[in-house]
Every structure is written in C-alpha cells, then in structure tokens.
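Data block below; observations after.
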Amino acid sequence: GPSAALIPAAGSGTRLGRGPKAFVEVAGQSLLARSVHALAPHVDEVLVALPAGTDLPAGLPARAIVGGETRQESVRRLLQATTAERVLVHDAARPFVPEQVVHALLEALADTGAATAALPVADTLVRAGTGQPGLDSGLWGDLVAREDLWAVQTPQAFARALLLAAHDQARSEGHAATDDAGLVARQGVRVRLVPGDARLFKVTTPGDLALAEALAAAWDG
Ligand code: CTP
Ligand code: MG
C-alpha cells in the first residue's frame, strides 16, 4: 500500500539558539531539505510539520502542515494528514540518513508493524550520585549494564493505524513521550530494533552543528 514520510520540523531550536532548527543550514542546505531529500525516494509522499507562520522552502518535494506545541502533537497532526498505510517518522534535526537504514526499516516493518533505528550503546554507563547522601550528581554511583541498551534514533517505521491508535491512547491518558516507538511499545506491540548509524545523530546543540558541518564534506562528496 501507499507510504508516507512524516517529518516533525516544528520545533523552535532553543538549545541550538539559531531560530527554528529545521531552517538552519549545514554546508548550504537546511536540515529540513536534507531530511526531505533523503526520504522522498523511498515513499509516495512527504509531509512536514512546520512552526506556525513559516513556509516550506520552494522546490522541496513535500506538503506542509502546521505543527503542534510538542513533537508528539506535531506527529499526531502529521498522522491525521495522510491516509498512507505505512509511515516513516523522521526528525528534521537528523539530516544524514543512510539509505541502507531506510531499507532495513521497511523490511522490519513488514514483520511486526513497527521498527526503529537504534544503536547499541558503546560507552560505559554510570548513574551519578546514587547512594551518596547530600549529593545528587557529580559522583560515581552504580554502573548500568550496557549489554542490552540501545540508543534510539529515527527514522522509525509503522503501520499508520497502529501508530495513530497509540497516539490517541497516549493523548487520552495525558501520557507524554519523546518518541513514537515508545508509544507503540506501550501498547504491547513488538517494535523491531534495526541497526542505525552514528551519522543519524540529532543536531541539538551548537557542538552538534559543528559536527554536522564537518560530516557534510564527506557526505555531500
Ligand atoms: N518538533 C516538532 N514540534 C515540536 C517540537 C519539536 O515537530 N513542537 C520536532 C523538531 O523540529 C525536531 C524533532 O521534533 O525535528 C526533535 O526535536 P528537538 O531536537 O527537541 O528540536 P527542537 O524542539 O526544535 O529543539 P529544542 O528542544 O532545543 O527547542
Ligand atoms: Mg525539543
């Protein structure tokens, strides 16, 4: 059946401090344009949620709607704006999307109806400050076993009906989530973890933007 890419791009980019983040450029191309161009070849249509009062830049193969107050609300509006059977949800703030990850997600989607890109955690993980009376951070607390831990990225792939039901349920319960796979998993649906890619990091801080500039040289060829 038909498929759509849903791109939440309606955030204000507070931590980056450069205005609405989707319009910030890396090596001459906006984060939004990079995300749209990466996903468009894989789907029938691309929908973007933008901040109120902003416009889709000319020439992008996408349709724009106005986003919500939260990422969760922006995605819910995107879901309501399409009838596609399958959706790929992807943060505009992750401008480098390897084609191989998209293919793996679409394959996994056929299995469970839900899949996300994720990376095994490589660093040692420690909880700060636990068991130290009077201190809640800054001291080594308990080690966290990292063997089973994955860092969740986007894109994430879903049967649209399944994700919409999860959003409606969360909304009616006032449950807030930072990610869509978590909402679906909360419904008892099995979510496949597909190997992501370090280059799928989210541009969040000024340091991330510097990293993106450096990576763009290799990515753009
Ligand atoms: N997003 C959205 N609608 C919102 C908030 C966020 O569509 N109301 C989108 C952002 O545009 C981004 C993605 O969700 O593509 C991930 O959010 P985040 O990295 O937190 O971006 P911002 O919210 O813009 O940044 P900040 O939290 O620093 O303000
Ligand atoms: Mg945010």
Side-chain angles (χ1 to χ4, degrees), residues 1-9 35-36 38-49 62 65 67-68 70-122 125 144-202:
S3 59
L6 308 182
I7 303 185
S35 292
V36 169
L39 292 175
H42 304 285
V43 293
D44 296 304
E45 63 167 349
V46 180
L47 269 77
V48 175
I65 65 162
T70 62
R71 181 189 185 279
Q72 186 173 340
E73 178 60 18
S74 293
V75 173
R76 204 179 70 88
R77 291 186 187 183
L78 286 163
L79 283 166
Q80 288 174 332
T82 179
T83 56
E85 186 185 326
R86 297 171 299 145
V87 296
L88 278 173
V89 181
H90 179 65
D91 292 328
R94 300 178 189 268
F96 306 110
V97 189
E99 190 165 39
Q100 188 190 335
V101 176
V102 177
H103 286 144
L105 281 167
L106 291 174
E107 212 165 285
L109 172 62
D111 173 24
T112 58
T116 182
L119 274 186
V121 171
L125 296 177
V144 179
R146 68 158 184 253
E147 286 70 39
D148 297 331
L149 294 183
W150 293 58
V152 175
Q153 303 180 318
T154 77
Q156 305 186 339
F158 306 94
R160 187 182 63 95
L162 202 148
L163 183 57
L164 189 54
H167 269 266
D168 286 344
Q169 177 87 18
R171 187 176 149 90
S172 73
E173 292 170 359
H175 176 81
T178 52
D179 128 282
D180 296 285
L183 282 184
V184 165
R186 199 170 164 265
Q187 298 278 89
V189 173
R190 288 185 310 139
V191 179
R192 284 273 304 271
L193 299 179
V194 165
D197 194 296
R199 294 168 293 181
L200 274 168
F201 73 97
K202 184 159 69 71

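More than 12 non-hydrogen atoms from other residues, nucleotides or ligands lie less than 6.0 angstrom from CG of D111. Summarising the local packing, CD of Q100 is surrounded by 12 or fewer heavy atoms from other residues, nucleotides or ligands at distances under 6.0 Å. Summarising the local packing, CD of Q80 is surrounded by more than 12 heavy atoms from other residues, nucleotides or ligands at distances under 6.0 Å.
A distance of 11.5 Å separates OG of S74 from CG of L6, quoted to the nearest 0.5 Å. For the atom pair CD (Q72) and CZ (R77), the distance works out to 12.5 Å, reported to the nearest 0.5 Å. Atom CD of residue Q187 and atom CG of residue L163 lie 10.0 Å apart, to the nearest 0.5 angstrom. The structure places CG of L119 at 10.5 Å from CG of L193, a figure rounded to the nearest 0.5 Å.
With contacts defined as side-chain heavy-atom distances shorter than 4.5 Å, the pair R94/S35 does not qualify. Looking at heavy atoms from C-beta onward, D180 lies out of side-chain contact with V184 at the 4.5 angstrom threshold. Side-chain atoms of E147 and V121, non-hydrogen and from C-beta on, never get closer than 4.5 Å to each other. A 4.5 Å side-chain heavy-atom check between L47 and I7 finds every atom pair outside the cut-off.
Side-chain atoms of E73 do not come within 3.5 Å of backbone N or O of G67 as any donor-acceptor pair. Not a single donor-acceptor pair under 3.5 Å links the side chain of T116 to the backbone N or O of A181. Of the possible polar contacts, none joining the E85 side chain to the P2 backbone as a donor-acceptor pair under 3.5 Å is found. With T82 contributing its side chain and L79 its backbone, the two residues share no donor-acceptor pair below 3.5 Å. Looking at Q153, its side chain never comes within 3.5 Å of a backbone N or O of A117 through a donor-acceptor pair. Judged by distance alone, with hydrogens and angles left aside, the side-chain atoms of H167 form no donor-acceptor pair with the main-chain N or O of R171 at under 3.5 Å. In this structure, R160 contributes its side chain and A84 its backbone to a donor-acceptor pair below 3.5 Å.
Looking at every heavy atom in both residues, F158 comes nearest to A114 through CD2-CB, 3.8 Å. Closest approach of G113 to L162, counting heavy atoms only: O-CD1, 4.2 Å. Annotation for A40 and V46: closest pair CA-CG2, 3.8 Å, computed over non-hydrogen atoms. Here the closest non-hydrogen pair linking A170 and L183 is CB-CD2, 3.6 Å. A pairwise comparison of heavy atoms in A104 and V194 identifies CB-CG1, 3.4 Å as the closest pair. The two atoms that bring L78 and A49 nearest to each other are CD2-N, 3.6 Å, heavy atoms only.
Here R192 does not pair with E107 in a salt bridge; the nearest charged N to carboxylate O distance is not below 4.0 Å.
When the ring pair (Phe, Tyr, Trp, His ring centres under 6.0 Å) test is applied to H175, no partner is found at least two apart in sequence or on another chain.
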**Q.** From CA spacing to verdict: side-chain contact (heavy atoms from CB on, under 4.5 Å), R76, D168
**A.** CA-CA 8 Å; R76 204 179 70 88; D168 286 344; 3.9 Å; yes
Q. Yes or no on side-chain contact (heavy atoms from CB on, under 4.5 Å) for R71 and V89, after CA distance, side-chain angles and deciding distance?
A. CA-CA 11 Å; R71 181 189 185 279; V89 181; 3.8 Å; yes
(Q) Under the criterion side-chain contact (heavy atoms from CB on, under 4.5 Å), I'd like the reasoning laid out for H90 against Q156: C-alpha separation, chi angles, the key distance, then a yes or no. (A) CA-CA 7 Å; H90 179 65; Q156 305 186 339; over 6 Å; no
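Results of the side-chain contact (heavy atoms from CB on, under 4.5 Å) test with S3 over L88, L39, D44 single out D44 as the only residue that passes. Residue L200 is tested with V101, D91, T154 for a side-chain contact (heavy atoms from CB on, under 4.5 Å); the sole match is V101.
Aromatic ring pairs are classed by plane angle as parallel below 30°, tilted from 30° to 60° and perpendicular above 60°; the pair F96 and F201 is tilted.
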